[in-house]
Amino acid sequence: MTDETGSEAGRDFIRDIVADDLASGTTTGVVTRFPPEPNGYLHLGHAKSICLNFGIAEEFGGRCHLRFDDTNPTKEEQEYIDAIQRDVRWLGFDWGTHLHFASDYFEQLYAWAQDLIRAGKAYVDDQSQEEIRVSRGTLTEPGRNSPYRDRSVAENLDLFARMRAGEFPNGARVLRAKIDMSSGNINLRDPVLYRILHAHHPRTGTAWSIYPSYDFAHGQSDAIEHITHSICTLEFEDHRPLYDWCLDNLPVPSRPRQYEFARLNVTHTLLSKRVLTELVRSGHVSGWDDPRMPTLAGLQRRGVPAAALREFVKRIGVAKANSTVDIGMFDFAVRETLNKSALRRMAVLRPLKVVIENYPEGQTEEVEAVNHPDDAAQGSRRITFGRELYIERDDFMEDPPKKFFRLAPGREVRLRYGYFITCREVIKDANGEVVELRCTYDPQTRGGNAPDGRKVKATIHWVSAAEAVPAEVRLYNLLFSDPAPEAANFAAQINPESLEVLQGCMVERALAADNAHDAVQFERQGYFVRDRDSTPGKPVFNRTVGLKDTWAKVAGGAA
RNA sequence: UGGGGCGUCGCCAAGUGGUAAGGCAGUGGAUUUUGAUUCCACCAUGCGGAGGUUCGAAUCCUCCCGCCCCAGCCA
């Protein structure tokens with residue numbers, strides 16, 4: 001029951017505020033919005049904001065709008081507008097009919113700017129960008145009033161209209177709010193409301209030659225849409241007085257309130273649009289959806305289920321303290337989600353040939369393997385066993401250390417769902433490298449149990465030569481091995497081993513037939529998903545995340 | 001040195017005057033035809049520091065320290 005209520009979703013200070021506002025009657029409904037600027041792809045950080053905004057709307061019976069903050073045509077593109085919508089939908093959220101654009105409000109915003117001018121609260125400034133910068137003062141010194149600050153309303157109105165008409169070149173003039181050049185809050189030192197930009201806008205084309213600044217567009221857009229809680233990140237805290245100033249000085253249809261939370265940071269990851277864009281542009285990754293990217297598109301291609309992303313966001317919480325979440329938290333959420341749903345399959349990544357000497361040549365048989373050990377409803381499939389098969393190279397050691405209990409000369413192990421086999425002979429090539437194992441099997445152990453009750457210390461996975469399908473497997477590792485990579489020189493910090501491509505992997509038949517987009521578990525190894533680069537004869541798999549590997553820790557420590 | 005925030009376990013994070021939730025990681029152990037999963041146990045005499053108020057403080061007061069953001073005609 002609690003699962004259905006907002007209480008289960010986890011409480012945080014923003015949800016507390018919303019609940020209080022509802023309880024006190026401050027608001028009768030909840031309307032939030034996710035306001036991306038279409039200048040890049042959505043990433044992990046956005047997932048937090050999306051889940052917060054859409055999640056709150058869902059939990060409190062309100063609605064959440066998807067609104068593009070498209071006020072800077074020099075950086076925005078239609079490709080991003082499309083990609084962002086795809087990604088939000090993929091994450092599992094629906095904005096219904098509320099797809100909006102700040103650009104939808106340009107006409108209204110322009111009219112409000114005129115209102116401000118008439119009220120003597122805004123003026124056209126002819127100073128150059130440099131002059132404005134200098135006269136703004138510094139963190140510790142107040143700014144100076146612009147010489148154009150006291151122009152007449154008529155002149156301001158005329159100049160502003162001519163700015164819109166395209167009479168002046170970029171940078172020639174700006175419209176500024178008349179607030180307080182000596183404010184301790186620099187955002188209040190006569191902030192720019194409109195700038196001249198002769199640029200093609202993805203939505204409005206060349207209709208406008210002036211564009212509103214974020215500060216003049218955001219709050220009013222919220223008001224137009226009757227947003228009740230405008231949730232943004234901490235760096236906008238300083239803008240709240242300006243957000244309020246605009247709404248308090250304009251005849252807006254509603255009065256939204258802004259609340260700020262700490263943006264997400266994750267170890268071994270860089271979440272700045274500048275870096276991500278550069279990663280793509282420079283070719284360090286294959287594209288916005290490269291599985292190593294922290295973009296939603298990249299995570300999706302890597303096989304991360306949207307549910308895992310939502311679970312991750314729920315786990316990290318929402319607060320105001322700057323923090324950096326361990327990437328291990330994310331991996332955990334992915335494993336947790338996939339463990340419950342992923343079908344189990346067998347795949348040998350680095351094959352070592354095994355010949356069962358006492359198994360009749362030319363004979364094969366089918367054995368039953370369950371698709372999910374904890375969910376019988378997932379059914380089972382048959383896999384082929386035969387005289388020749390492949391096992392993982394890592395599952396054999398000629399001279400094993402004490403704790404290693406997989407296959408070794410003279411040792412017996414279980415082939416999952418198959419038989420017990422014992423290694424009789426090790427065959428090496430001219431270089432001394434092990435190329436084949438000669439083993440014997442115990443016909444009495446079919447299915448994996450010995451009638452005499454004897455135990456075996458390990459169960460290993462395998463694929464018979466009879467049904468093996470060669471595949472390519474891409475193993476992805478951290479894009480940055482440093483837990484705290486610096487955005488400034490990200491290129492130099494890219495992990496050279498972030499991608500390892502394996503050819504000649506041997507996977508069971510079921511994997512070749514499967515066209516599913518859901519990740520599967522390669523038993524004992526990890527979760528993998530079929531990549532779109534797959535071809536009919538050759539499947540390609542991306543590793544989503546490896547299984548927790550206690551042995552690696554033991555082995556690593558012993559070595 | 002101006003303004004705005006934030007400091008609770010290695011990493012997230014509850015707590016809002018009544019004697020430190022939970023999760024991740026880690027460590028032991030049980031179960032196991034995945035060295036996975038699952039299960040059990042352990043893991044802050046302490047809440048940035050120092051004073052103070054109080055029967056009692058992470059929570060209130062004072063001072064101090066540290067970290068983050070702001071000087072785009074970016075968002």
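Convention: sequence-line order gives letters A, B, ...; per-chain numbering from 1.
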Taking atom [atom2] of [N] as reference, at what distance in whole Å does atom [atom1] of [X] sit?
X	N	atom1	atom2	value
His461(A)	U34(B)	NE2	P	13 Å
Arg416(A)	A36(B)	CZ	P	13 Å
Leu197(A)	C73(B)	CG	C1'	8 Å
Asn265(A)	C68(B)	CG	C1'	10 Å

Ignoring backbone atoms, test whether [X] places a side-chain nitrogen or oxygen under 4.0 Å from the OP1 or OP2 oxygen of [N].
X	N	result
Lys320(A)	G7(B)	no
Arg335(A)	A25(B)	no
Arg195(A)	A75(B)	yes
Ser183(A)	G2(B)	no
Arg344(A)	U34(B)	no
Thr459(A)	U32(B)	no

Pair partner, [N] [Watson-Crick or wobble, under 3.5 Å]:
N	value
U62(B)	A50(B)
U19(B)	none
A41(B)	U27(B)

Contact class for [X] vs. all strands (heavy atom < 4.0 Å): base, sugar-phosphate, or nothing?
X	value
Gln127(A)	base
Glu141(A)	nothing
Glu237(A)	sugar-phosphate
Val456(A)	nothing
Ile316(A)	sugar-phosphate
Asn449(A)	base
Tyr419(A)	nothing
Glu37(A)	sugar-phosphate
Phe236(A)	base
Thr324(A)	sugar-phosphate
Phe405(A)	base
Thr71(A)	sugar-phosphate
Asp238(A)	base
Ile132(A)	base

Can we say [X] and [Y] salt-bridge, meaning some charged N sits less than 4.0 Å from an Asp/Glu carboxylate O?
X	Y	answer
Arg240(A)	Glu260(A)	yes
Arg33(A)	Glu225(A)	no
Arg274(A)	Glu278(A)	no
Asp394(A)	Arg524(A)	no

TODO: Determine the minimum heavy-atom distance between Arg414(A) and Gly448(A), stating which atoms define it.
DONE: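 For Arg414(A) and Gly448(A), the tightest heavy-atom pair comes out as NH1-O, 2.7 Å.
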
Residue [X], side-chain heavy atoms: nucleotide from [options] that is nearest:
X	options	result
His239(A)	A75(B), G35(B), G72(B)	A75(B)
Arg524(A)	A13(B), A75(B), U34(B)	U34(B)
Ser323(A)	C12(B), G72(B), G7(B)	C12(B)

Open item on the list: If you assign Tyr527(A) and Pro36(A) each to the RNA chain B nucleotide with the nearest heavy atom, which residue ends up on the more 5' nucleotide?
Closed with: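 Its nucleotide being nearer the 5' end, the pick is Tyr527(A).
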
With rounding to whole Å, what would you report as the distance between [N] and [M] at their [atom1] atoms?
N	M	atom1	result
G35(B)	G29(B)	C1'	15 Å
G15(B)	U59(B)	C1'	8 Å
C42(B)	G4(B)	C1'	43 Å

- [ ] Using a 90° cut-off around 0 for syn, call G72(B) syn or anti.
- [x]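 Syn conformation for G72(B).
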
TODO: Could you list the residues that satisfy salt bridge (Lys or Arg N to Asp or Glu O under 4.0 Å) with Glu141(A), not counting sequence neighbours?
DONE: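 So Glu141(A) forms no salt bridge (Lys or Arg N to Asp or Glu O under 4.0 Å) with any residue.
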
TODO: Would you say whether Tyr214(A) stacks on A75(B)? The test is a distance between ring centres of less than 5.5 Å and an angle between planes of less than 30°.
DONE: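 The base of A75(B) is not stacked with Tyr214(A) (the test needs centres under 5.5 Å and planes under 30°).
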
TODO: Can you spot which of Gln258(A), His65(A), Arg67(A) makes a side chain to side chain donor-acceptor pair (under 3.5 Å) with Asp222(A)?
DONE: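 The option that passes is Arg67(A).
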
Task: Arg263(A) atom CZ, neighbour heavy-atom count above 12 within 6.0 Å - done: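 For Arg263(A), atom CZ is not crowded (no more than 12 foreign heavy atoms under 6.0 Å).
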
